[in-house]
Amino acid sequence: MPYLILSDIHANLEALNAVLVDARGRYDRIVCLGDLVGYGADPNAVVEWTRAHVAVVIRGNHDKACTGLDDLENYNPAARASAVWTRDALTPGNRDYLEKLPRGPLAYEGVDLTHGSPADEDEYLVTPRDAELLKPFLGSPLSFFGHTHVQGGFVLNRGAGRRILPNGTLTLQQGCQYLVNPGSVGQPRDGNPRAAYAFYHPENGVVEYRRVEYDVGGAAAKILAARLPEFLAARLYEGL
Ligand code: ZN
């Protein structure tokens, strides 16, 4: 049975619900690569759902920012405003849960889970060259990462990196190393506004990339009603 890989939900309950409807009956456990909260207007609902349903979670930079584990110095104004809003909105129990999330990379059933990169949980993996430089840090042939909100990832073949285009399924080849990004559930930034996620089929080494439409208007209206920066609502329509 495959498992469901989610990342960067960012307190977007509408996107999360659409993913769960799309994936229903097709997985037996869920892993999450961090950034449960920040940007979106439903931090408590998303954290409560995660606590009840997700097998393993690592922390993202926004989870740290919203609990005070990270200072907000390197955040742009919209990200900082949403971190402060989220900090106030979280219940003490949910804040405590986020505070105690483990740091990646975390080994899980033969794969590595990381938020940013296996070398640094806050690093953005953007180019094939970024992936090539990580060779000494790769513990297993397959790592899952998030943070960039761009679905796809990278493959290393004899040390040379190549971008993976997320078209349907990816069959892992022996001898290569893979850094796979399922994309962002709650705030895609690859020009496609549909919620992104992936399945991993460990029995035959296949990653399946998925996109699903969700109620963008509903999520955006909640962001505006919470008086979060308008830009955070607008960008959901563009997927940027
Ligand atoms: Zn994120």
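Atoms within each ligand, like the ligands themselves, are counted from 1 in listed order.
- Ring geometry for H10 versus H149: interplanar angle of 30 to 60°, hence tilted.
- Aromatic rings of Y200 and Y3 (six-membered ring for Trp) have centroids within the 6.0 Å cut-off, being under it.
- Of all the N, O or S atoms in D35, the one closest to the Zn ion (ligand 1) is OD2.
- For a distance bound of 2.8 Å, the N, O or S atoms of H149 include one lying that close to the Zn ion (ligand 1).
- Residue contacts to the Zn ion (ligand 1): H62 brings no N, O or S atom closer than 2.8 Å.
- Here the N, O or S atom of D8 that is nearest to the Zn ion (ligand 1) is OD1.
- Relative orientation of the H147 and Y124 rings is parallel, given thresholds of 30° and 60° on the angle between their planes.
- Ring-plane geometry between F145 and F154 is classed as parallel, the angle between the planes falling under 30 degrees on a 0 to 90 degree scale with a further cut at 60.
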